[in-house]
Protein chains: 2
Amino acid sequence: MNRNPEAKSYDETISEKGFRFTEQRRAVYDALMGKRDHPTAVEVFMRVKGKVPTISLATVYNCLETLTDCGLVKTVNHDRESARYCPNLAEHAHLFCESCGGVTDIPLRAKRRAHDIWDLPPDVSISHHEISFRGLCPKCAKAAARQTTKCK
Amino acid sequence: MNRNPEAKSYDETISEKGFRFTEQRRAVYDALMGKRDHPTAVEVFMRVKGKVPTISLATVYNCLETLTDCGLVKTVNHDRESARYCPNLAEHAHLFCESCGGVTDIPLRAKRRAHDIWDLPPDVSISHHEISFRGLCPKCAKAAARQTTKCK
DNA sequence: CTAGGTGCAAAAGGTTTGCGGTTAA
DNA sequence: TTAACCGCAAACCTTTTGCACCTAG
């Protein structure tokens, strides 16, 4: 009964699922864990190339898919933009900043269950819900506040 | 002060925004309003071809974009699938059915505001939130219930 | 040894764009 | 009359795939 999903390590998970340990796979995972800013596949590719110069974009995509299948990584889609990848396995939502375009994790300590929050039709069966926010990330919100203060 | 967003008609909106009335635009809009099942651009294309046989897919895309810019239609994205289009302007979420793949509108009569529902960090500014559900649509939920009953 | 993984290049799939001709206003 | 719009085809961008070679187990 492991309550913390991140407690299960990369090594454990990869072994358990019968995948191999490769330099590329590990480098892709490390790139995500190192800077948790929801990079696209191309951004991961650029970061990993520093460590594994021979890696190809296709391999980055393959590794990301494997990691996602393992449950070590989650895919974040926003509108029709490139997919982004997120190693945060705790329950959370994403805030898409309207100012800087960045993606911020919002821990979702829901105070209530879905059916308490909304009047859901009785004849649907909800297995899971996803929330995403638009607005200003902490940095941009602060900048905006400063701006407003100055103008007044 | 118009409380019901759908009260503002196609004609009104198109005029107001300075767009032209074209057969294609109207047919695309009618196709969405006629069967509100969140079709993809290609599905809209196929439906509209019955009425306007000369229409092209590019025009369907252009019309959908115009209608979206007008605020007459909303784009619904799910994972990396084709975009779907929805003329329901009332506040609602989407239920993506894990059984039939269909998309159902879920009226969202929220009982509370975002900050009451979740413990949001104090330093973010939320302008709007989107909720999507996975589960079984009414039809499939009913079928599943029947199945379960039978087995027991 | 061998199934799984990698790198490359080509294909796929969805959407957008450029352009010459057409049409609503 | 003319700017907006249409239809077509080509371009675009992200992601997937086929295949020959490589390597972890």
Side-chain angles (χ1 to χ4, degrees), chain A residues 10-31 38-46 48-70 72-85 101 103, chain B residues 10-31 38-46 48-70 72-85 101 103:
Chain A
Y10 174 84
D11 285 8
E12 261 182 291
T13 308
I14 292 291
S15 296
E16 219 164 67
K17 306 264 175 175
F19 289 108
R20 289 190 185 166
F21 292 90
T22 71
E23 189 188 4
Q24 292 84 344
R25 191 119 79 205
R26 169 127 247 158
V28 166
Y29 183 69
D30 288 348
H38 309 82
T40 63
V42 171
E43 285 164 354
V44 171
F45 176 53
M46 294 189 301
V48 170
K49 264 209 289 201
K51 278 201 163 181
V52 188
T54 60
I55 200 170
S56 70
L57 180 55
T59 295
V60 170
Y61 272 108
N62 287 334
C63 292
L64 289 169
E65 191 186 343
T66 305
L67 294 170
T68 303
D69 291 348
C70 283
L72 286 166
V73 163
K74 288 195 170 152
T75 306
V76 181
N77 285 298
H78 183 234
D79 295 343
R80 308 239 92 234
E81 294 169 13
S82 304
R84 297 174 173 278
Y85 299 87
V103 183
Chain B
Y10 173 85
D11 285 7
E12 262 182 291
T13 308
I14 292 290
S15 296
E16 219 166 67
K17 305 263 176 178
F19 289 109
R20 289 192 186 164
F21 291 90
T22 71
E23 189 188 4
Q24 292 86 343
R25 191 119 79 202
R26 170 126 246 158
V28 166
Y29 183 69
D30 288 347
H38 309 82
T40 63
V42 170
E43 285 163 355
V44 171
F45 176 53
M46 294 189 299
V48 170
K49 264 209 289 201
K51 277 203 164 179
V52 188
T54 60
I55 201 171
S56 70
L57 179 55
T59 295
V60 170
Y61 273 108
N62 287 334
C63 292
L64 289 169
E65 192 186 343
T66 305
L67 294 170
T68 303
D69 290 348
C70 283
L72 285 167
V73 163
K74 289 195 169 151
T75 306
V76 181
N77 286 297
H78 183 234
D79 294 343
R80 309 240 90 233
E81 293 170 13
S82 305
R84 296 174 173 279
Y85 299 87
V103 183

Write down the distance between [atom1] ([X]) and [atom2] ([N]), rounded to a whole number of angstrom.
| X | N | atom1 | atom2 | result |
| --- | --- | --- | --- | --- |
| Asp69(B) | dA4(D) | CG | P | 14 Å |
| Ile14(B) | dA4(D) | CD1 | C1' | 12 Å |
| Asp11(A) | dG25(D) | CG | P | 10 Å |
| Phe19(A) | dA3(C) | CZ | C1' | 13 Å |
| Lys17(A) | dG5(C) | NZ | P | 14 Å |
| Phe45(B) | dG7(D) | CZ | P | 9 Å |
| Glu23(A) | dG25(D) | CD | P | 13 Å |
| Arg26(A) | dT23(D) | CZ | C1' | 18 Å |

Base, sugar-phosphate or nothing for [X]? Non-hydrogen atoms, less than 4.0 Å.
| X | answer |
| --- | --- |
| Phe21(B) | sugar-phosphate |
| Ser82(B) | sugar-phosphate |
| Thr22(A) | sugar-phosphate |
| Thr54(B) | sugar-phosphate |

Which atom pair, heavy atoms only, marks the closest approach of [X] to [Y]?
| X | Y | value |
| --- | --- | --- |
| Cys70(B) | Thr13(B) | O-CG2, 3.7 Å |
| Asp69(A) | Lys17(A) | O-NZ, 4.3 Å |
| Val60(A) | Ala41(A) | CG1-O, 3.6 Å |
| His38(A) | Val103(A) | ND1-O, 3.3 Å |
| Asp79(B) | Asn77(A) | CA-ND2, 3.6 Å |

Answer yes or no: does a side-chain N or O of [X] lie under 4.0 Å from OP1 or OP2 of [N]?
| X | N | value |
| --- | --- | --- |
| Thr59(A) | dT6(C) | no |
| Tyr61(A) | dT16(D) | no |
| Arg80(A) | dT15(C) | yes |
| Gln24(A) | dT23(D) | no |

Handout entry: Side-chain donor or acceptor of Glu65(A) paired with backbone N/O of Asn62(A) under 3.5 Å
Key =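 Not at all, since once roles are kept as given, no pair shorter than 3.5 Å links the two residues.
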Problem - Nearest-nucleotide comparison on DNA chain D, the residue closer to the 5′ end among Glu81(A) and Val52(B) - result: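 Counting from the 5' end, the first nearest nucleotide belongs to Val52(B).
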Problem - Contact nearer the 5' end of DNA chain C, comparing Thr66(A) with Ala83(B) - result: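 First, find each residue's nearest nucleotide; the 5'-ward one identifies Thr66(A).
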Practice task
Check whether any side-chain heavy atom of Arg20(A) lies under 4.5 Å from a side-chain heavy atom of Arg25(A), and answer yes or no.
Solution key: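 In contact.
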Handout entry: Pairwise side-chain contact, Arg26(A) with Asp11(A), heavy-atom cut-off 4.5 Å (strictly under)
Key =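 Heavy-atom side-chain distance check passes, below 4.5 Å.
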Considering only nitrogen or oxygen atoms on both sides, find all protein atoms under 3.5 Å from nucleotides 17-23 of chain C and state each distance.
residue	atom	partner	partner atom	Å
dT23(C)	O2	Arg20(B)	NH1	3.1

